[in-house]
Amino acid sequence: MRRPPSGRSPVLDSGLAGPLSASCSSSWPFSRRQCLDLLQSRPSLSALKQIHARTLRAGVPVSSADLGKHLILAIATLPSPLVAYAERVFCLICRPSVFTYNTIIRLHAESDSPGPALPLLPRMLAAGLWPDTHTYPFLLKACAKLLYGRDGKVIHGRAVHDGLAVGSVFVQNSLLHLYAACGLFESAHQLFEEMPVRNLVTWNTIINGFAINGRPNEALTLYRDMMTPRPPSTEEQPAVQDPVEPDGFTMVSLLSACAELGALVLGRRVHVYLWKVGLDRNSHVGNALIDLYAKCGTIGDARKVFDEMAHTRTAVSWTSLIVGLAVNGFGKEALGLFGDMGRAGLSPTEITFVGVLYACSHCGLVDDGFRYFDRMRMDYGIAPKIEHFGCMVDLLGRAGLVDRAYSFILGMPMEPNAVVWRTLLGACAMHKRTDLGEAAWARLEQLDPGHSGDFVLLSNLYASDRRWEDVHRIRRSMVKGE
DNA sequence: TGGAGAATTG
């Protein structure tokens, strides 16, 4: 048997090239075609490495564009792709094709650090290769993940120049997602208006993009447009598109926009619609409904939705209702539900504990709060995050234990953020503790100045002390925006 | 050959 042409193989040397599975090992050596077919059969990582090794031993050169292409594609379709492995193979290929470039760009774009995807475009161009309609969605995905709006616009320009932006709904949907993710709503809207073809992905992308980026009103308007057929075609206008039916994703985005606006009447109408089309049985939609009703203060409706979800409840459903009960002042019920959740065999998440601690805080259950705080780590292995520490400060502060809240902050294992100090300032205002209020204010001025609510809290504190000079000083600096 | 969006709870 011949050694691979390049000498060392990372696979052979790492000892991973054990015997292939029974189905493959009997008829070795495979033809080159068979190797490529095996690579296309979605092998597992270990099978893939074995095929790679065998291919090398069969004398297929490492630099073979054909082998490299299929290897990289096989790596890209693994459940958890190894970018470094693909990159090593990519570097060995003599003249990678557009297809191979696209695959390696995709691998980077889908990884946790998509940065290296972008320089591959100039490399392609330098190699005399033209991007195709597959290249742009991958590049734009990388930009969207990195929130690189400006790079995205440059790539948009290139796609237009290449004549690939207008004709491809894939490219346009990718651009739409990028602009929405980067908060470039004007660009998103303009592109959307100019799109000749819109599919369900288009609508979901723009509605969700607006809904989760603080533009719930636009999200609702777009949903209305989605459900309204475009005006009948005139001679100048192209033919009217077939209407697009919303799916569960659309409805979750829509409900979260309603929840953010507190649009209860509209939310109820949406609920009726969901019931009619059967989308209310989608558990994500159910969770969004619980959240909607909880945020609108109609906690009884949230409870009803939760009860009707008997067989589809997830930890999110339980958590949404626990948090909803807690913020609506039903702390005892929230804690009761937490117990039920455990008995139902579902594990709480870190957000569940935010709700639980909030419930304790509202009920003044300081000792229980500390018990839950400890149980988080002890019983569930969840390390408390800064939000949980913030809840504890709130718990102590509301109970009037402002000094304890302050020393709790000083003992935190992480740097307290503005939210934590603001919580303390709120507690000081509630319990008229000007001394500690000033300490919190000093930290807020450094961390996150200019919040009018903070000025109001501090000036109220001074007012309660009849320190009118200080009240005026704070109000003046608030007006000046210092 | 390969493609876009991808859920709710703080």
Side-chain angles (χ1 to χ4, degrees), chain A residues 36-37 39-40 42 66 69-70 72-74 76-77 97-107 109-110 131-141 144 164 168-178 180-181 195 197-209 211-212 247-260 279 282-295 302 305-306 309 312-327 334 341 348-359 385-391 394 419:
Chain A
L36 298 184
D37 284 348
L39 282 174
Q40 284 177 68
R42 298 182 66 92
D66 220 21
K69 179 175 89 174
H70 284 94
I72 291 177
L73 185 58
T77 42
S97 63
V98 175
F99 184 95
T100 311
Y101 267 100
N102 289 349
T103 313
I104 194 86
I105 291 172
R106 169 188 166 195
L107 260 163
E110 288 171 354
D132 64 13
T133 48
H134 285 72
T135 318
Y136 288 110
F138 298 140
L139 284 171
L140 293 166
K141 187 178 202 164
L164 297 174
S168 166
V169 72
F170 285 92
V171 175
Q172 294 192 312
N173 286 344
S174 305
L175 282 165
L176 210 54
H177 172 66
L178 165 89
M195 281 177 74
V197 177
R198 298 167 182 162
N199 59 19
L200 181 59
V201 175
T202 315
W203 288 101
N204 283 354
T205 302
I206 192 153
I207 291 173
N208 190 48
I212 67 171
D247 67 357
F249 285 97
T250 327
M251 301 322 288
V252 169
S253 301
L254 183 68
L255 290 169
S256 74
C258 291
E260 190 175 335
L279 274 171
N282 176 315
S283 70
H284 297 289
V285 170
N287 296 341
L289 280 168
I290 294 174
D291 182 51
L292 166 81
Y293 288 127
K295 288 221 171 87
V305 173
F306 178 84
M309 288 174 71
T312 52
R313 280 177 212 145
T314 64
V316 176
S317 325
W318 287 90
T319 303
S320 301
L321 190 57
I322 289 170
V323 172
L325 285 164
V327 301
M341 180 179 181
T349 67
E350 56 183 55
I351 304 174
T352 318
F353 279 102
V354 172
V356 166
L357 297 176
Y358 207 80
K385 291 174 61 175
I386 194 149
E387 292 88 340
H388 303 106
F389 283 90
C391 289
D394 189 52
V419 178

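Every chain is numbered from 1, with letters handed out A, B, ... down the list of sequences. No hydrogens, no waters, no symmetry mates; every other heavy atom, side chains included, goes into these values.
Checking the phosphate oxygens (OP1, OP2) of B/dG5, a side-chain nitrogen or oxygen of A/Lys141 falls inside 4.0 Å.
If you measure from atom CZ of A/Phe249 to atom C1' of B/dA6, you get 4 Å, rounded to the nearest angstrom. Rounded to whole Å, atom C1' of B/dG5 lies 13 Å from atom CG of A/Leu140. When the C1' atom of B/dA4 is taken as reference, atom CD of A/Glu110 falls 11 Å away, rounded to whole Å. Regarding A/Arg313, its CZ atom lies at a distance of 20 Å from the P atom of B/dT8, rounded to whole Å. Going from atom CG of A/Leu164 over to atom P of B/dA4 covers 16 Å, rounded to whole Å. For A/Leu39 and B/dG2, the CG to C1' distance is 15 Å, given to the nearest whole Å. Summarising the geometry, the separation between CG on A/Asn287 and C1' on B/dA6 is reported as 15 Å, rounded to the nearest angstrom. B/dG10 atom P lies 15 Å from atom CG of A/Asp394, rounded to whole Å.
The backbone N or O of A/Ser174 lies less than 3.5 Å from no partner atom in the side chain of A/His177, so there is not a single donor-acceptor pair. The closest donor-acceptor contact from the side chain of A/Ser168 to the backbone of A/Leu164 lies at 3.5 Å or more, if one exists at all.
At a threshold of 4.0 angstrom between heavy atoms, the contacts of A/Thr103 with the nucleic acid are absent. Base contact: A/His134 has a heavy atom under 4.0 Å from a base atom. The residue A/Asp247 sits close to a base: some heavy atom pair falls under 4.0 Å. Note on A/Asp132: a base of the nucleic acid sits closer than 4.0 angstrom, heavy atoms only. Contacts of A/Thr205 with the nucleic acid, taken as non-hydrogen atoms under 4.0 Å apart, involve only primed sugar atoms and P, OP1 or OP2. Within 4.0 Å of A/Val201, counting heavy atoms only, lies at least one base atom of the nucleic acid. Among the protein residues, A/Tyr358 comes within range of no part of the nucleic acid, since none of its heavy atoms lies under 4.0 Å from any strand. Looking at heavy-atom distances under 4.0 Å, A/Gln40 makes no contact with the nucleic acid at all.
Judged purely by distance below 3.5 Å, without hydrogens or angles, the side chains of A/Thr352 and A/Thr349 pair a donor atom with an acceptor atom. Side chains of A/Asp247 and A/Asn282: no donor on one and acceptor on the other come within 3.5 Å. A/Thr205 and A/Thr202 form no side-chain donor-acceptor contact under 3.5 Å, judged by distance and modelled atom types alone.
Closest to the side chain of A/Asn102, from the set B/dT9, B/dG2, B/dA4, is B/dG2. The A/His284 side chain lies nearest to B/dA7 when the options are B/dA4, B/dA7, B/dA6. Among B/dT8, B/dA4, B/dT1, the nucleotide with an atom closest to any side-chain atom of A/Phe99 is B/dT1. Closest to the side chain of A/Asn282, from the set B/dA7, B/dG10, B/dA4, is B/dA7. Counting only heavy atoms from C-beta on, A/Lys69 has its side chain closest to B/dT1 among B/dG5, B/dT9, B/dT1. Nearest nucleotide to the side chain of A/Pro137, out of B/dA7, B/dG5, B/dA4: B/dA4. Comparing B/dT8, B/dG2, B/dG10 against the side chain of A/Leu73 picks out B/dG2 as the nearest. Taking the side chain of A/Val316 as heavy atoms from C-beta on, and the options B/dG10, B/dT8, B/dA4, the nearest nucleotide is B/dT8. With B/dA4, B/dT9, B/dA6 as the choices, the nucleotide that has an atom nearest any side-chain atom of A/Ile351 turns out to be B/dT9.
Between A/Asn204 and the options A/Thr250, A/Asn199, A/Asn173, a side-chain hydrogen bond (donor to acceptor under 3.5 Å, both in side chains) holds for only A/Thr250.
Under the ring pair (Phe, Tyr, Trp, His ring centres under 6.0 Å) criterion, A/Tyr136 pairs with no residue, sequence neighbours left out.
In this model, no side-chain donor or acceptor of A/Asn204 finds a partner on the base of B/dA6 within 3.5 Å.
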